[in-house]
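Please see the structure below; I have some questions.
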There are 2 protein chains.
Amino acid sequence: MREFMNVAKAVADESRVRILMVLDAGELCACQIQEMLELAPSTVSKHLALLYQARLVDYRKEGRWIFYRLPSPEPGWEFVQQTLEWLRQTLAWDATIMADREKLKQIRSCFVQA
Amino acid sequence: MREFMNVAKAVADESRVRILMVLDAGELCACQIQEMLELAPSTVSKHLALLYQARLVDYRKEGRWIFYRLPSPEPGWEFVQQTLEWLRQTLAWDATIMADREKLKQIRSCFVQA
DNA sequence: TTTATGTTTTGCCCATTAACGAAACAACGA
DNA sequence: TCGTTGTTTCGTTAATGGGCAAAACATAAA
């Protein structure tokens, strides 16, 4: 139950839901997510830490950047995938989510790795 | 998005999740739910009102009692059913939920309508 | 080494919310 | 009618949680 509640609370915030949905299109570094949400870096960092605690995102470090992505399926954590699937089905055509995807195209095109 | 967030916030509380799962076995009056959760009537009433606002429960009045139940499928609100299905799949074997079901058997057997 | 950039941690403020008790409301029974 | 029972509303309190800025941390470039 505790693990379920962690996940449920994680998706009970609009910013975090937007993060998950935009990561569905591929990994992003924290600064790209910050730019998309237009929130302070510390705020976004906290959101990402909470999503990681709930096992809803994974990350890798590369140079100065930290790239976040949705987790790959893991035995014993099927309900994480079910949660993501629930989000996809419910929010696929949501106006906010679609606008975020559009905005992200711009952000992606300006991003260059060293 | 607003409707989705209402549902997401509704299931981000353990008491409310327990209510939904126990209603999956059939309708209950508010006093039975109160007895199961061991919370003050006013607290449970507020939880039920919030679940109703999110369209996650429905109710009917009969005499002095108010019976709550899960909603039947409605066109345009498929995601409510998807949410309930997500809960069922995730929490079917949860210890808390199973204990609640057991406790409810006692509560049901003591309940007599006028 | 110093500077710049990306990220997280810390500390604080403000809004939200879960909890309760008391009071109000509703419906039945004596 | 008057109590009794079931439920909700209201008012208050304590805990939670999202937001920011500033400081700390990490890594790469100058």
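In what follows, chains are A, B, ... by sequence order, proteins preceding strands, each numbered from 1.
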- prompt: Of the candidate nucleotides C/dA18, D/dT8, D/dG6, which contains the atom at the shortest distance from the side chain of B/D13?
  reply: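 My answer, after comparing the listed nucleotides, is C/dA18.
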- line: Separation of C/dA27 atom P from B/R64 atom CZ, nearest Å, is 12 Å
- prompt: Expressed in angstrom and rounded to an integer, what is the separation of A/R60 atom CZ from C/dG6 atom C1'?
  reply: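 It works out to 15 Å between those atoms.
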Salt-bridge contact B/E27-B/R60 (side-chain N to carboxylate O under 4.0 Å): yes
query: If only side-chain N and O atoms of B/Y59 are considered, is one of them under 4.0 Å from the OP1 or OP2 phosphate oxygen of D/dT8?
result: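 Checking B/Y59 against D/dT8: no side-chain N or O falls below 4.0 Å of OP1 or OP2.
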- request: Find the distance A/W65:CH2 to C/dT8:P and express it as a whole number of Å.
  value: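 Atom CH2 in A/W65 sits about 14 Å away from atom P in C/dT8.
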task: Check the distance between D/dG18's P and A/I19's CD1 and give it to me in whole angstrom.
output: 11 Å
query: Among the nucleotides D/dG19, C/dC20, C/dT7, which one has an atom lying closest to any side-chain atom of A/L39?
result: D/dG19
query: Has the side chain of A/K9 got a donor or acceptor that lies under 3.5 Å from a partner of the other kind on the base of D/dG17?
result: no
- prompt: Quick one: do B/V44 and B/L50 end up in the same hydrophobic cluster if we chain Ile, Leu, Val, Met, Phe, Trp and Tyr together by side-chain heavy atoms under 4.5 Å apart?
  reply: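 They do not share one cluster, since no chain of ILVMFWY contacts under 4.5 Å joins B/V44 to B/L50.
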- prompt: How many Å lie between CG on B/L28 and C1' on D/dG6, as a whole number?
  reply: 15 Å
statement: In whole angstroms, the gap separating P of D/dT9 from CG of B/L48 amounts to 11 Å
query: Of the nucleotides C/dC20, D/dC20, D/dT5, which has the atom closest to the A/K46 side chain?
result: D/dC20
message: Classify the ring geometry of A/W86 against B/W86: parallel below 30°, tilted from 30° to 60°, perpendicular beyond 60°.
response: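 The arrangement is parallel - the two ring planes meet at less than 30°.
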query: Would you say C/dA18 has OP1 or OP2 under 4.0 Å from some side-chain N or O of B/R16?
result: yes
- prompt: Which residue, A/P41 or B/A49, contacts DNA chain D at a nucleotide closer to its 5' end, judged by nearest heavy atom?
  reply: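 Per heavy-atom nearest nucleotide, the more 5' residue is B/A49.
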- request: Nearest whole angstrom, please: distance from the P of D/dT7 to the NZ of B/K61.
  value: 10 Å
task: Indicate, with yes or no, if the rings of B/W65 and B/Y59 have centres closer together than 6.0 Å.
output: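 Ring-ring flag for B/W65/B/Y59: false, centres at least 6.0 Å apart.
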- request: Nearest whole angstrom, please: distance from the P of D/dT7 to the CD of B/E62.
  value: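 Roughly 12 Å, once rounded to whole Å.
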task: Select one nucleotide: of D/dT7, C/dT7, D/dC20, the one nearest the side-chain heavy atoms of B/C29.
output: D/dT7
D/dT8 phosphate, OP1 or OP2, under 4.0 Å from B/Y52 side-chain N/O: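 So the side chain of B/Y52 is outside the cut-off, no N or O lying under 4.0 Å from OP1 or OP2 of D/dT8.
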field: Closest listed nucleotide, where the reference is the side chain of A/Y68 and the choices are C/dT8, D/dC20, D/dT7
entry: C/dT8
query: Under 4.0 Å between a side-chain N/O of A/S42 and OP1 or OP2 of D/dA21, yes or no?
result: no
Contact summary for A/K9 and A/R16, nearest pair of heavy atoms: O-NH2, 3.2 Å
- request: Establish, with yes or no, whether the OP1 or OP2 oxygen of D/dG17 is under 4.0 angstrom from a side-chain nitrogen or oxygen of A/H47.
  value: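 Checking A/H47 against D/dG17: no side-chain N or O falls below 4.0 Å of OP1 or OP2.
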B/S45 side chain near D/dT7 phosphate (N/O to OP1/OP2, under 4.0 Å): no
